[in-house]
Amino acid sequence: METAFPEWTHRRPGAFASHAVQWKPQLQASNVVRGPYAQSSTAPIVDADLAAVTGRALVDAELIGQKPSLTGPEELGLTAAQQVEILGQVPGRPPRYEDITPERAKQAMVSHNPWAHEAAIDSPLSYLAGTVGRPAWVRGEVERMLGRPARTVAQWAADHAAAFQN
């Protein structure tokens, strides 16, 4: 008996530009974002780019069986501190990123998300720790698949500026 498997494309995004909304309350309160690993480096993808790649995968047989790693376009990625600086340019108030210990960050995450399992908090902290001092792995898959450059975090921030206004 032959088993049939559906056709697939497995999209593999890393960090998301939209995760920056986690910093909104801190930016509105004091223009200081407190978090761990200020020098952790990621290449956030804009959600609209992920959606566009998904749409293409649904209608384009060329992508069947592929496992593209999807990232934003910033060469070498962006540190957490750089992302906060970009967000601060939108409302016109210079922010800063204050590095705190991973333990303090974990305590804050648990207090704000009591429903979260501890492993769900340890995992991203461990990931970020591993990126400190290393350039992010930036891929050109979005541009290859869509025929245009991936959107930057700065473009995402400008598109969502109203979300960061007081």
Side-chain angles (χ1 to χ4, degrees), residues 9-58 67-100 105-106 108-113 115-117 119-132 135-146 148-166:
T9 301
H10 180 81
R11 302 155 301 120
R12 298 184 308 174
F16 295 89
S18 61
H19 286 176
V21 298
Q22 70 182 321
W23 296 321
K24 177 183 174 179
Q26 293 184 67
L27 285 169
Q28 289 179 330
S30 69
N31 281 4
V32 176
V33 170
R34 291 170 182 84
Y37 308 116
Q39 296 307 308
S40 60
S41 183
T42 60
I45 186 169
V46 172
D47 303 59
D49 286 340
L50 178 59
V53 168
T54 300
R56 176 146 184 247
L58 291 171
K67 299 179 281 185
S69 294
L70 305 172
T71 67
E74 286 86 0
E75 188 175 337
L76 305 179
L78 295 169
T79 66
Q82 289 170 323
Q83 291 176 56
V84 167
E85 287 174 25
I86 289 169
L87 292 174
Q89 292 171 8
V90 173
R93 301 177 306 186
R96 66 183 173 87
Y97 192 99
E98 182 180 300
D99 219 347
I100 61 174
K106 182 176 177 177
M109 289 179 204
V110 168
S111 71
H112 286 78
N113 306 291
W115 47 264
H117 190 277
I121 293 172
D122 289 338
S123 179
L125 288 174
S126 177
Y127 170 77
L128 291 174
T131 70
V132 172
W137 188 43
V138 178
R139 305 290 302 217
E141 295 291 323
V142 171
E143 184 169 5
R144 180 183 69 80
M145 294 177 161
L146 300 180
R148 63 156 176 82
R151 291 175 180 92
T152 65
V153 170
Q155 288 170 313
W156 179 89
D159 290 346
H160 296 86
F164 291 91
Q165 301 296 325
N166 282 334

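Sequence positions, counted from 1, serve as the residue numbers for this chain.
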With rounding to the nearest 0.5 Å, note down the distance linking CE in Met145 to CG in Leu70. 6.0 Å
Do the ring planes of Phe16 and His19 sit parallel (below 30°), tilted (30 to 60°) or perpendicular (above 60°)? tilted
Where Val32 and Gln26 come nearest, the two heavy atoms and their spacing: O-CB, 3.4 Å
Hey, could you give me the CZ/CD1 distance between Arg34 and Ile100, rounded to the nearest 0.5 Å? 8.5 Å
Tell me the side chain to side chain donor-acceptor pair (under 3.5 Å) pairs involving residues 45-58, sequence neighbours left out? Arg11-Thr54, Ser18-Asp47, Asp49-Arg148, Asp49-Arg151, Arg56-Asp60, Arg56-Glu62
Report yes if the side chains of Glu74 and Val153 come closer than 4.5 Å at any heavy-atom pair, otherwise no. yes
Just how far is it from atom CD of Gln82 to atom CG of Leu87, taken to the nearest 0.5 Å? 12.0 Å
Verdict with reasoning, Val21 to His160, per side chain to side chain contact (heavy atoms under 4.5 Å, CB included): CA-CA 10 Å; Val21 298; His160 296 86; over 6 Å; no
Is any side-chain heavy atom of Thr9 closer than 4.5 Å to one of Pro68? yes
Mind checking side-chain hydrogen bond (donor to acceptor under 3.5 Å, both in side chains) for Thr131 and listing every partner two or more places apart, or none if nothing turns up? none
Value rounded to 0.5 Å, distance of CD1 in Ile86 from CG in Leu78: 4.5 Å
Under 3.5 Å, is there a donor-acceptor pair between the side chain of Lys106 and the main chain of Ile121? no
Using only atom types and a distance under 3.5 Å, with no angle test, would you say the side chain of Tyr37 pairs donor to acceptor with the backbone of Asp99? no
Under the 3.5 angstrom rule, does the side chain of Gln28 hit a backbone N or O of Pro25 as a donor-acceptor pair? no
Donor-acceptor contact below 3.5 Å, side chain Ser41 vs main chain Leu76: yes
When every non-hydrogen atom of Ala136 is compared with those of Gly77, the smallest separation belongs to CB-CA, 3.6 Å
Atom pair OG1/CZ of Thr71 and Arg12 - distance to nearest 0.5 Å: 11.5 Å
Keeping the roles fixed (side chain from Ser111, backbone from Ala108), state whether a donor-acceptor pair exists under 3.5 Å. yes
Mind listing the closest non-hydrogen atom pair of Leu27 and Pro95 along with its distance? CD2-CB, 3.6 Å
Please name the pair of heavy atoms, one in Ala150 and one in Pro73, separated by the smallest distance, quoted to 0.1 Å. O-CG, 3.3 Å
